[in-house]
Amino acid sequence: MSTYAILTEAHDLKYLGINQIHTLPSDKDVWEFVPTKVDKIIRVNGIVLDKNSTEIKGIGKGFIYYKGTFTERAAIIISSDRNVYDEVDKSKSAVIRDYSSRMSFSKIGAKISLSTPTIPDFGIAALFKKSDQKYWRFNCPHCGCCQHMEWEKNVDFDFKKYICRKCHLELTPETIRSGRWEAKYPGRNISGYWIPQMIATYRTAKDLIKELEDAEDEQYFYNFILGLEYLNPESQISAGLILKNLIAEKNDEKDCVIGVDVQLRELYVIVGNEKGIFGIAKLEDGPGKDKWDRLAELVEVYEGRYVVIDAHYDTNSVLKFAKRFPYKVYMNWYKEDPKKIAIIRFGDEGKFTDKPKEFEEEIKVLTDRNRIIDALIDDLRKGKKIKFNFQRGDMRIDELISHVKKIYSRTVTDKVGEEHREWASLGQDDFFHALIYFKIALEKKLRYEE
Ligand SMILES: [Zn+2]
């Protein structure tokens, strides 16, 4: 698919003179990809360039830029007619968004995304889901059934061959090659293709079964051989971690702390103390009272000593709320300690700057996102610090669990090409973050008491 992209780009540079940006995950990838693939294809096709470096190929006013997405340097300020995002799942999505905005003034404005999928609802898998979803479909010569290849349905694992999903007779490479692309949702404005190795007929069922046997893990086989998203259950936080910390005792509801995640319409709130969490609530705007008024009521009713609120989403509203409860409400930002020492840094404890402290600086909390999640999981695993005064089957606990299960760990490559583990999200996870803010608030209270 990369070769297809290079040929298309080179052709349209020469004959249409359009501007194009081709991204790869890192600068290192650009330095490998361009000399070994792009330069060769341009050379053997006899295309003469006016400008020729690793990063830029140009003819007249047209150009192709090759760019990494993990780079300190700012994205280039140029307008583009077509962008190709290669290895989307390994690329930095914020930078891809930035490059997409470079096409606002183009009459063409085409985007091509290519990738091996990784996990569900992420990167190329999310795009394919939104697309018209083209599958390579063919008819069985024995029973006429129209179908596309699926691992569970079209493989005879005993005789190691491809079979019709309906009549179970053998499918030959000729039958598979006789197919055509058919969209599951014709008319959608993203054109998507699913290309598993099962339709590359130079690879036999026997080859792929061997790949599965030799694969280090199922993730590899699903992603690279079948072209399917895959989520390893071990990379998720299990429901058991919450359930094992449920306790029957009733909470005295004294000396409470509160964690709050902020969304457009709701506030996700967790209330509790050292003995346990007894409140899990979603606050919405209501008649005469908005969600912030309702949070203020909660803070007053439970005499919340420390309240930690997510500051990313709606900083101004949070600051306004913090002024209603001076030095009770702290504003949390996810930000790593550059010295990698502290997981949580409180503005009223240490110095972020040499300037005299203003209110806003004093109530600021900076938390290392990955490490606080690790610490929370550690607490839950060891059964310390975080308890829940809830019974099994309570709807609020079930909702918290459904948010917790959206969090999973994955390995990402940074700008210098090093691999790191990080926590990412598959969707609605607001109560999980409220739980983290609760932990930060509890931490603050324990420090104060010391
Ligand atoms: Zn058949």
Side-chain angles (χ1 to χ4, degrees), residues 1-5 7-8 85-89 111-236 426-427:
M1 293 314 292
S2 291
T3 305
Y4 145 76
L7 284 166
T8 307
Y85 308 122
D86 209 340
E87 293 280 14
V88 169
D89 282 41
K111 281 182 250 182
I112 298 173
S113 300
L114 310 170
S115 193
T116 298
T118 47
I119 46 156
D121 297 317
F122 176 77
I124 203 81
L127 267 175
F128 183 74
K129 210 172 169 184
K130 284 196 273 180
S131 78
D132 63 355
Q133 302 184 12
K134 289 188 197 70
Y135 295 88
W136 184 255
R137 307 267 294 171
F138 52 85
N139 295 83
C140 169
H142 314 288
C143 73
C145 172
C146 182
Q147 59 199 293
H148 59 267
M149 290 293 231
E150 283 185 272
W151 187 247
E152 304 296 337
K153 294 175 183 159
N154 293 91
V155 177
D156 179 332
F157 292 93
D158 296 326
F159 293 96
K160 299 189 175 173
K161 58 185 189 182
Y162 291 131
I163 52 168
C164 167
R165 63 171 65 193
K166 195 173 165 211
C167 71
H168 305 297
L169 291 175
E170 186 168 1
L171 297 172
T172 60
E174 290 70 35
T175 300
I176 298 166
R177 280 201 293 267
S178 73
R180 65 271 153 194
W181 290 109
E182 261 177 38
K184 188 173 175 187
Y185 302 103
R188 285 193 181 172
N189 64 2
I190 300 175
S191 173
Y193 293 84
W194 175 49
I195 312 172
Q197 291 197 15
M198 294 175 83
I199 62 171
T201 51
Y202 54 88
R203 305 222 67 190
T204 62
K206 203 175 158 190
D207 289 342
L208 300 197
I209 290 170
K210 179 139 188 359
E211 286 269 13
L212 177 59
E213 286 164 0
D214 294 348
E216 247 173 65
D217 50 30
E218 289 209 321
Q219 181 94 44
Y220 171 84
F221 182 75
Y222 273 81
N223 292 167
F224 286 86
I225 308 299
L226 299 184
L228 288 173
E229 58 200 43
Y230 184 81
L231 188 64
N232 180 351
E234 279 166 29
S235 66
Q236 279 177 294
L426 289 170

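In this text the structure is predicted, and so the values were computed from the model without any measurement. Read the numbers this way: they start at 1 and go in the same order the structure lists the ligands and their atoms. Each residue takes its place number in the sequence, starting with 1.
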#### Entry: Angle subtended at the Zn ion (ligand 1) by SG of Cys167 and SG of Cys140, nearest 10°
110°
### Task
Using 2.8 Å as a strict upper limit, say whether an N, O or S atom of Cys143 approaches the Zn ion (ligand 1) that closely.
yes
### Task
Would you kindly say whether Thr118 and Asn223 are connected by a side-chain donor-acceptor distance under 3.5 Å?
no
### Task
State yes or no: are the ring centers of Trp151 and Tyr222 separated by less than 6.0 Å?
no
### Message
So that I can check it, does any N, O or S atom in Cys164 come closer than 2.8 Å to the Zn ion (ligand 1)?
### Response
yes
### NZ/Lys161: more than 12 non-hydrogen atoms of other groups inside 6.0 Å
yes
## Note on the structure
Output for pair (Ile225 CD1, Leu212 CG), nearest 0.5 Å, gives 9.5 Å
